[in-house]
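Everything numeric in this text was worked out from a predicted model, so none of it was measured. To find a chain, count down the sequence lines: A is the first, B the second, and so on, and within it residues start at 1.
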2 protein chains.
Amino acid sequence: MPTLQDVAKLAGVSSATVSRTFNNPELVDFATRSKVTAAIRKSGYTRNETARSLATRSSRTVGILTDTFVSNYFAPILEGASKLLGQYGYYATVAATEHNLSDAESTDSQIRAWRSLIDRQVESIIMLAFMESADLAHLAKEFPKSIVIGTSIDADQHQCITFDHYIGGRLAAEHLLKNGHHNIVMITGPTHKQDSVQRGQGFIDKLKEHDIQLGINQIFIGDYTFQGGRNAMRKIIESGQNPTAVFAQNDDMALGVASECYNAGIAVPKDTSIVGFDNSNLSTVMSPPLTTIDQPLMLMSRAAATLALNISYGRAHQTPLENPQTHFIPTLIERDSVANIRT
Amino acid sequence: MPTLQDVAKLAGVSSATVSRTFNNPELVDFATRSKVTAAIRKSGYTRNETARSLATRSSRTVGILTDTFVSNYFAPILEGASKLLGQYGYYATVAATEHNLSDAESTDSQIRAWRSLIDRQVESIIMLAFMESADLAHLAKEFPKSIVIGTSIDADQHQCITFDHYIGGRLAAEHLLKNGHHNIVMITGPTHKQDSVQRGQGFIDKLKEHDIQLGINQIFIGDYTFQGGRNAMRKIIESGQNPTAVFAQNDDMALGVASECYNAGIAVPKDTSIVGFDNSNLSTVMSPPLTTIDQPLMLMSRAAATLALNISYGRAHQTPLENPQTHFIPTLIERDSVANIRT
DNA sequence: CTGAAAGCGCTTACAG
DNA sequence: CTGAAAGCGCTTACAG
């Protein structure tokens, strides 16, 4: 691999000049510039970003911390962030924690992944909300150039892209109510997750305002997975409650519910209606297409990336991009999985 | 951020010694080693990987070149490769091309993404088979430390992780035959893609061996997407052929087929059977679960990562890992989407 | 076992 | 407009 020096020699100029024709071409005379350009082409030179990063003390990369790549949640976030970053000449690099570990090991793995990002000199870190808020807050405190996406952590030295899960829950309830449902059941996400409790709270509150109490036997604990949704739906069927509608706190579980209905010969939405949450890829692909709450992950991750860029620009005394929207409001996407049973 | 120098000063040793206690602790005296360790802990030092890369001329990272993150194909590959690499202290970094471009722009975008990887000094590049073989071959020639996954390109200065799509096609046909199907239809992937033509050829050949000719009107051109599958199935229905079975060349399209059947009131598998290809996440989550051909992407990407590691180890005169399996054979995963109509 | 020194490939004031 | 020089934060022969 040829270096700047090689090119300089070939063009008969100093390496400083070559560097300038790369970074500030307007500073170099037209004639020498074209000599240099020719030499670059001839030698097949490409810049060594590592050396550049070291010299400029800026890596132009932002880290993304996640727990897994195989997820409907992660993909649009990575897509949105990396494309936006790319538009500004920045890179995204991602670190994932290991899986299926004990709690202690898992914390360890998270810290290792996080540290690997810092070691690689990322200029900021976008953290997905896969761990407990307290842990997120802890990491964000250690590394103030953190952005958390999907949940809010109360500490102000970092920034959050938030989504109103509570309102989302209310919207789901409202839609069911509007369609005449009273005998309703809910499948939650992991109970220790903020977003899940908020979705649940919004749902419960809205129902209560219409004098419908969601009892303990109408709430089933899930885990945001397809299998979790299936298991919960099986229990629901076995319970003999025959709800007219089920609210699954995410689309993966909603698909599980639909699958279990299929097995049990329950028609959706005729026999039981389903509303999901997230508006993931899955929701358009199901039969029938799923009525769900939209969480605009792609937009949210673009916003996070914009925040990240502004952190970098601030450090470099460049003018920041416009401030992005930082709080997102859900909307309900009506498709075909809930029936109007109003008579 | 404290540097090696800072730690050295704090511990009263040279920076070389600090570096050694990081990289070759056995070379430094126990007493000074503990002084250094204390200083590291006290200062909160973490190594600057950028500087290290420059000094050692090794980035310990391998690049992955893809076209998109939102794909059932990409996720398991990224997952497999990055986890394996992580086990050996290496990093994966991914570059994606932009989308929805004209041909010329798209080639341009591919080259930019690829170059960005090289600029970042990756030690090898794992390329997914999202572009034409000829283009892949071209890039692999420019950068011999390339590994292509999912297809084979004939040039020997690089390495391929291949999968026998042809046999996969045969397997699909065999299974349909075994279950008594004769009136069969096939939906292909993009016709310019190697894997698609191989899958198709295997399918056609096997059928022919049993005296079943797949006519031109029994082959529908798809594009490996859900919508493509739907559209094709609609055409199939409109054609009035009433096939007893359809072979979709990937699972996304198979899901589209199932969806269209649902809309048309066609029962799967009672009225029409479906076999897919890839054994992606989708296949277990469909109703009914999809009979499909397994392409073990996670294993394949782990193999690719192993090859990548061996390239790096070779360069550093380290002893290579064991040679991984480099050619993968499909198996059919029988689930519930094909009916036995043998009488 | 440890340190001084050179070097990795760039960038960027500073002079001219 | 251009170049010599110092420096970014490490590593690694080379001496001792």
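Under the 3.5 Å distance criterion, with hydrogens and angles disregarded, no donor-acceptor pair is assigned to the side chains of B:Gln121 and A:Thr50. Residues B:Ser116 and B:Arg120 bring a donor and an acceptor atom of their side chains to less than 3.5 Å of each other.
A:Arg315 places its CZ atom 13 Å from the C1' atom of D:dC8, with the value rounded to the nearest Å. Summarising the geometry, the separation between NE2 on A:His317 and P on C:dT12 is reported as 13 Å, rounded to the nearest angstrom. In this structure, the CG atom of B:Leu4 is 6 Å from the P atom of D:dT11, given to the nearest Å. Atom CG of B:Leu54 and atom C1' of C:dG9 are 5 Å apart (whole Å). Note: CE (A:Met1) to P (C:dG9) measures 11 Å, nearest angstrom. Rounding to whole angstrom units, CG of residue A:Asn24 and P of C:dA13 are separated by 10 Å. Going from atom CD of B:Glu49 over to atom C1' of C:dC8 covers 15 Å, rounded to whole Å. With rounding to whole Å, B:Lys9 atom NZ is found 14 Å from C:dG3 atom P.
Taking only side-chain nitrogens and oxygens, A:Thr32 never comes nearer than 4.0 Å to OP1 or OP2 of D:dC1. Put simply, A:Arg57 has no side-chain N or O that comes within less than 4.0 Å of OP1 or OP2 on D:dC8. B:Ser19 has no side-chain polar atom (N or O) that falls below the 4.0 Å cut-off from OP1 or OP2 of D:dC10. A close approach under 4.0 Å does occur between a side-chain nitrogen or oxygen of B:Ser14 and OP1 or OP2 of C:dG3.
You'll find that the side chain of A:Ala16 is closest to D:dA4, out of D:dA4, D:dT2, D:dC10. The side chain of A:Asn23 has C:dT11 as its nearest neighbour among C:dT11, C:dC10, D:dT11. Nearest to the side chain of B:Val13, among C:dG3, D:dC10, C:dC10, sits C:dG3. In this structure, of C:dT12, D:dC10, C:dG9, it is C:dT12 that holds the atom nearest to the side chain of A:Thr56. Candidate nucleotides C:dC10, D:dC8, D:dC14 were compared by shortest atom distance to the side chain of B:Arg20, and D:dC14 ranks first. Of the candidates C:dG9, D:dC10, D:dG3, C:dG9 carries the atom nearest the A:Ala55 side chain, counting heavy atoms from C-beta on.
Across all strands shown, A:Tyr45 has heavy atoms under 4.0 Å from sugar-phosphate atoms exclusively, and none from any base.
Map A:Thr50 and B:Leu27 each onto its nearest nucleotide of DNA chain C; the residue landing nearer the 5' end is B:Leu27. Both A:Ser15 and A:Arg33 lie near DNA chain D, and the one whose nearest nucleotide falls closer to the 5' end is A:Arg33.
Heavy atoms from other residues, nucleotides or ligands lying under 6.0 Å from CZ of B:Arg60 number more than 12. Residue A:Asp103 places its CG atom among 12 or fewer non-hydrogen atoms of other residues, nucleotides or ligands, all under 6.0 Å distant.
Looking at heavy atoms from C-beta onward, B:Leu321 lies in side-chain contact with B:Tyr88 at the 4.5 angstrom threshold.
Ring to ring, B:Phe74 and B:Phe69 are close: their centroids are under 6.0 angstrom apart.
The base-pairing partner of C:dT2, taking Watson-Crick or G-U wobble contacts with both distances under 3.5 Å, is D:dA15.
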